[in-house]
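In each ligand, atom 1 is the first atom listed, and ligand 1 is the first ligand listed.
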Amino acid sequence: MIRVPFRAAPSVRAVVVVALTGLVAAACGPKLPEGDLSQPEGWDAQVKLQDAVDHDPSPNVIEVHLEAKPTMLELRPGVMTEVWTYNGTLPGPTIRARVGDEVVVKFRNSLPEATTIHWHGLRVPAAQDGTEHTQPPIEPGDTWEYRFTVPDSGTFWYHPHIRSSAQVGAGLYGAFVVEPREGSEEHALEGALGDDLLMVLSDVSLEEDGSLSPADKHGFFGSYFGREGELVMVNGRPMPTVKMRLGVPQRWRLVNAARARYFRFNVPGQSLVRLGGDGGLAERPVPVNEVTIAPGERVELYLLPQAEVVPQAPVTVTVPLLDANRFHLPAEAEPGELMRVELVAEKAGWGAPSLPERFGEIPVIDTTGARVQLVEFMEKSDPDGAVLGINGRTDGHLMLTASANTVEVWELTNTTPYDHPFHLHGFFFQVLDVDGKAPELREWRDTVNLVPGRKVRIAIPFDDRVGMWMFHCHILDHADIGMMAMLHLH
Ligand code: C2O
Ligand code: CU
């Protein structure tokens, strides 16, 4: 396998590849085009997100200013819609930090109602978690300051935690990327994982005239089934095109920020490799045929466009949005469309570094003597229909307790007929087994989809960050109507 130095500047890499192209051609027979390891010009122009400005000059402090406010944006082509945004863009600005950095967020609420910001997946102190149990609501016109250190690398996100379904559904969400420490093992791997492409997947529900649909559209049934918007967006844009050069890898960091929609897709003709999920890189890369991302979840993918599907000049493939069938209906719906990928053949990038076989150790959690708690996502009938809840409580006030610095095993079940993504605040966990079967590989997660009738056992290593943490269904409509509970860590 031909390797080029990691982290080499594109021009240097291109020279190396040009020099090596002859060897590849000799080895493979037919003459290959000249190699170029840079992404095609404008490859990410249609999905480029703004990064948050760091207002603090010191190297290990990131100071970000966020303002939540109503904003007019063109989401459906040709129509303006008033949405709610952070700093005027949808998604909000991407916060970028490095492991160990201190992050300060100076926030102003210019919405007509109270809000908070929750840092989904980040292991922050309880007081910084941004829920109604850890802080007072930030009223219209008020400011608030969040301050925490980021301990883990990976792809995370931020969103409100008051009337979450309405506020996230109106456009309030943004990505938060934490890079590994310089000089760390993971940092050394990065050059082989491809060029970063961050994509926040979401949807929005618009009326005929382009205005945002009411947050409580279809009342109880809307909440019970979970509101999916008919306009599907990648980084706030419907059906964008991303360009890829033959032989040049990309690392897709995907966040599902929709309030109810699951995203399931493949890239026709291309093989996908899953690098990791909620907690960053898994133990090792795993080839997959397709991916499903439940609300709240993240997935990292590696794509290396292959020759056989790129006959000549540019070829555009449509990435289908497949039916994740979260209702377990007998037949799948016809696929929709998520985005386009344009494969650029000329100056193919022969000589990209090969993907490492392993990324690093994910420790095995010792669960001997661990306390076991049962968590059942359930529903019961009610004069108005069915109500959703956890462990028999449908008012959102169930409270479990746990002791700091212990490991617990939670047995998660779902006795409803539909899927629900379980999300725990503040702590990563590992899935031990699903119906007794251990998963293919170890990884850290903060969200796991619960399929009806299956039992998912997870191990949670609690540390000393005592306080009130929440766990709930990340179909935000469900969380709002009762699939919501607290964990008091003491
Ligand atoms: Cu992203 Cu309480 O959730
Ligand atoms: Cu749910």
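- In terms of distance to the Cu ion (ligand 2), the nearest N, O or S atom of His478 is named ND1.
- Around atom 1 (Cu) of ligand 1, the protein N, O or S atoms closer than 2.8 Å are His120 ND1, His159 NE2, His474 NE2, listed by chain and residue number.
- Annotation: His425 is not in aromatic contact with His133 [ring centroid separation under 6.0 Å not met].
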For residues 327-341, which side-chain donor-acceptor pairs fall under 3.5 Å, sequence neighbours excluded?
unit_1, atom_1, unit_2, atom_2, d
His328, NE2, Asp419, OD1, 2.5
Glu332, OE1, Arg264, NH1, 3.3
Glu332, OE2, Arg264, NH1, 3.4

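- Closest approach of Asp446 to Phe427, counting heavy atoms only: CB-O, 4.3 Å.
- Taking the six-membered ring where tryptophan is involved, the planes of Tyr418 and Phe225 are tilted, since the angle between them lies from 30° to 60°.
- Of the possible polar contacts, one joining the Gln430 side chain to the Pro363 backbone as a donor-acceptor pair under 3.5 Å is found.
- In this structure, Trp119 has its ring center closer than 6.0 angstrom to the ring center of Tyr146.
- Tyr158 has its ring centre less than 6.0 Å from the ring centre of Tyr86.
- Among heteroatoms of the N, O or S kind in His420, ND1 lies nearest the Cu ion (ligand 2).
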